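Side-chain atoms are counted along with the backbone in the values below, which use heavy atoms only and exclude waters and symmetry mates. Keep in mind that what you see is a predicted model, and the values were worked out from it rather than measured.
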2 protein chains.
Amino acid sequence: MRILIIEDEHKIAQALKKALQQENYAVDVSYDGDDGYAMATTEPYDLNIIDWMIPGEYDGLAIVKAMRKEKIHTPVLLLTAKGTIADRTTGLNSGADDYLVKPFALEELLARVRALLRRPVEVQQTVLTAGDLTLNTVTFEVKRGDKMINLTGKEFALLEFLLRNQGRPSNKDTIISHVWDYNADVLPNTVEVYMKYLRQKIDDPFKTHLLQTIRGFGYKIEAK
Amino acid sequence: MRILIIEDEHKIAQALKKALQQENYAVDVSYDGDDGYAMATTEPYDLNIIDWMIPGEYDGLAIVKAMRKEKIHTPVLLLTAKGTIADRTTGLNSGADDYLVKPFALEELLARVRALLRRPVEVQQTVLTAGDLTLNTVTFEVKRGDKMINLTGKEFALLEFLLRNQGRPSNKDTIISHVWDYNADVLPNTVEVYMKYLRQKIDDPFKTHLLQTIRGFGYKIEAK
DNA sequence: TATATAGCTTAGAGAATGCTTAAGAATGCT
DNA sequence: AGCATTCTTAAGCATTCTCTAAGCTATATA
């Protein structure tokens with residue numbers, strides 16, 4: 001699967017590139033509109049991720065419009081700064097298939113990418129489980145056995161990330177870069193605090209404990 | 001595979017060079033930024049290892065940026081002193097593919113190098129075995145037969161090193177230079193102590209003993 | 001057998017890492 | 001605006017890990 005990123009902020013572009021490569025996509029990056037337009041219209045990609053505001057004659061919207069005019073129907077995920085879109089539909093009218101408001105968490109973007117690329121159903125996974133714990137990514141419901149559990153946004157995002165990497169430990173920096181905004185600068189201690197919150201809600205009241213610490217490395221979730 | 005190291009500290013540069021050569025990479029070293037920049041942009045390398053803080057007009061970051069501007073996409077592994085990075089992502093903004101915080105253990109660097117060069121999967125070896133002992137480098141799990149074994153960070157690193165050199169004995173100094181930070185100054189006795197720890201956990205409780213001492217030389221692991 | 005050398009064992013001091021708590025900021029809701 | 005919830009930090013505490021030092025044991029050599 002080949003993905004083209006058109007984004008002038010190097011920081012964001014590189015972060016996206018790395019995350020997507022880790023999911024085994026082949027990723028190209030273009031840092032300005034003219035160059036990006038040329039690539040999008042000449043090379044065959046499976047998905048384009050385009051920033052709305054980019055330098056060059058073409059801005060993000062113009063690229064999408066031009067692509068559609070040339071009957072190139074590659075899915076487009078548009079990135080927009082907060083407040084740029086007056087109403088939700090404007091972004092999609094141009095021909096983009098989805099859009100994401102900056103700043104976003106990497107995992108949020110990966111979820112959209114998975115959806116747009118229509119990965120096989122088994123991979124899509126709307127309900128993640130570990131032992132008697134279930135997390136529904138569509139309804140935002142979390143259960144341990146029969147018991148419904150209320151999580152806050154961050155707690156939910158963290159748990160989802162751990163579940164998607166079940167068995168594999170993640171270190172705190174990796175967790176931060178995936179679960180928090182790409183420009184959030186939170187301390188590793190924040191992750192520790194959230195692990196405490198999660199444990200209080202999904203581990204402590206139950207017999208078996210799913211959340212484990214790998215000292216010196218990080219955390220994982222695993223049903224024994 | 002050709003690797004370029006740009007690093008002004010001779011001690012580190014030489015240690016890296018030696019370790020990489022032992023893994024059969026062709027290694028060039030440059031001790032300052034200007035020279036390094038020239039080499040990185042004129043010679044074709046498969047990987048660049050660049051120290052952030054180096055003398056010369058170009059520091060490490062500048063070299064990476066300049067390379068990317070000239071559309072040279074050779075993977076870059078950036079070396080940074082602890083605390084140099086304001087926020088974790090800054091290191092990757094420049095276009096570097098990975099970074100490592102000094103001081104690091106040689107084995108850690110070799111692992112990153114292997115990853116960046118995308119060595120064939122069979123070579124990567126995430127699960128190392130010797131007899132009924134298995135060590136999983138991804139999940140950090142160690143088993144002897146069915147029995148899970150808990151190792152500390154150093155114990156794990158030492159066992160991993162011995163397993164990667166299965167059958168071949170390593171002397172204490174070699175072990176120290178690979179498993180400990182390059183500027184750690186530990187006594188050979190420390191290795192002895194850690195061998196004792198490992199034996200208690202993975203040998204003593206079992207029939208066959210995998211860890212062997214070669215008197216006057218060092219240690220090896222081998223399944224008879 | 002005596003002696004030297006290498007490796008083994010043990011316990012403890014100090015360092016590193018993670019956990020916990022509480023309080024202040026930020027955000028969202030009424 | 002005011003209140004409630006959520007997010008993040010900071011500081012102290014607890015635990016675990018690392019490494020050394022000192023004495024001990026095994027092995028090789030004269």
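Heavy atoms of B:Asp185 sit under 4.0 angstrom from primed sugar atoms or phosphate atoms, though from no base atom. In this structure, A:Thr190 reaches the bases: a heavy-atom distance under 4.0 Å links it to at least one base atom across the strands shown.
Rounded to whole Å, the distance from CG on A:Asn171 to P on C:dT17 is 13 Å. Rounded to an integer number of Å, the gap from CG of B:Asp203 to P of C:dC8 is 12 Å. In this structure, A:Gln200 atom CD and D:dT6 atom P are separated by 14 Å, rounded to whole Å. Note: NE2 (A:His209) to P (C:dC19) measures 13 Å, nearest angstrom. Taking atom CG of A:Leu198 as the reference point, atom P of D:dC7 lies 11 Å away to the nearest angstrom. In this entry the distance linking CD1 of A:Ile214 with C1' of C:dG18 reads 13 Å, nearest Å. Rounded to an integer number of Å, the gap from CZ of B:Phe156 to C1' of D:dT16 is 18 Å. B:Lys196 places its NZ atom 18 Å from the P atom of D:dC19, with the value rounded to the nearest Å.
Here the side chain of B:Tyr194 is nearest to one of D:dT8, D:dT18, C:dT10, namely D:dT18. Comparing C:dC8, D:dT20, D:dT8 by their nearest atom to the side chain of B:Thr213 picks out C:dC8. Looking at the side chain of B:Arg215, the nearest of the listed nucleotides D:dA21, D:dA26, D:dA10 is D:dA26.
Remark: the A:Tyr197 side chain and the D:dT8 base include a donor-acceptor N/O pair separated by less than 3.5 Å. Judged by distance alone, with hydrogens and angles left aside, A:Asn189 brings a side-chain donor or acceptor within reach of the base of C:dT20, the pair sitting under 3.5 Å.
Note on B:Glu9 versus B:Lys102: salt bridge recorded, some NZ/NE/NH1/NH2 to OD/OE distance being below 4.0 Å. Comment: B:Lys143 does not engage B:Asp132 in a salt bridge, judged by the lack of any side-chain N to carboxylate O separation of less than 4.0 angstrom.
Results of the side-chain contact (heavy atoms from CB on, under 4.5 Å) test with B:Ile63 over B:Ile50, B:Asn48, B:Asp51 single out B:Ile50 as the only residue that passes. With B:Leu128 as the partner, the side-chain contact (heavy atoms from CB on, under 4.5 Å) test is satisfied by one option alone out of B:Leu159, B:Leu163, B:Thr134: B:Leu163.
Taking CG from A:Leu20 and CG from A:Leu106, the interatomic distance works out to 8.0 Å, rounded to the nearest 0.5 Å. Note that CZ of A:Arg144 is 15.0 Å distant from NZ of A:Lys201, once rounded to the nearest 0.5 Å. Atom CZ of residue B:Phe156 and atom CZ of residue B:Phe140 lie 6.0 Å apart, to the nearest 0.5 angstrom.
Look at B:Arg199 and you won't find any side-chain N or O under 4.0 angstrom from OP1 or OP2 of C:dT9. Regarding contacts with the backbone of D:dT8, a side-chain N or O of A:Trp180 is found under 4.0 angstrom from either OP1 or OP2. When the side-chain nitrogen and oxygen atoms of A:Thr152 are compared with OP1 and OP2 of D:dC7, one or more of them lie within a distance under 4.0 Å. Phosphate contact (OP1/OP2 of C:dG7, side-chain N/O of B:Lys172, threshold under 4.0 Å): present. For B:Lys154 and D:dC17, the shortest distance from a side-chain N or O to OP1 or OP2 is not below 4.0 Å.
Smallest separation of non-hydrogen atoms from B:Tyr25 and B:Leu117: CE2-CD1, 3.4 Å.
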Pairs under 3.5 Å (Watson-Crick or G-U), crossing ones as [ ], inter-strand ones as |: DNA chain C comes out as ||||||||||||||||||||||||||||||

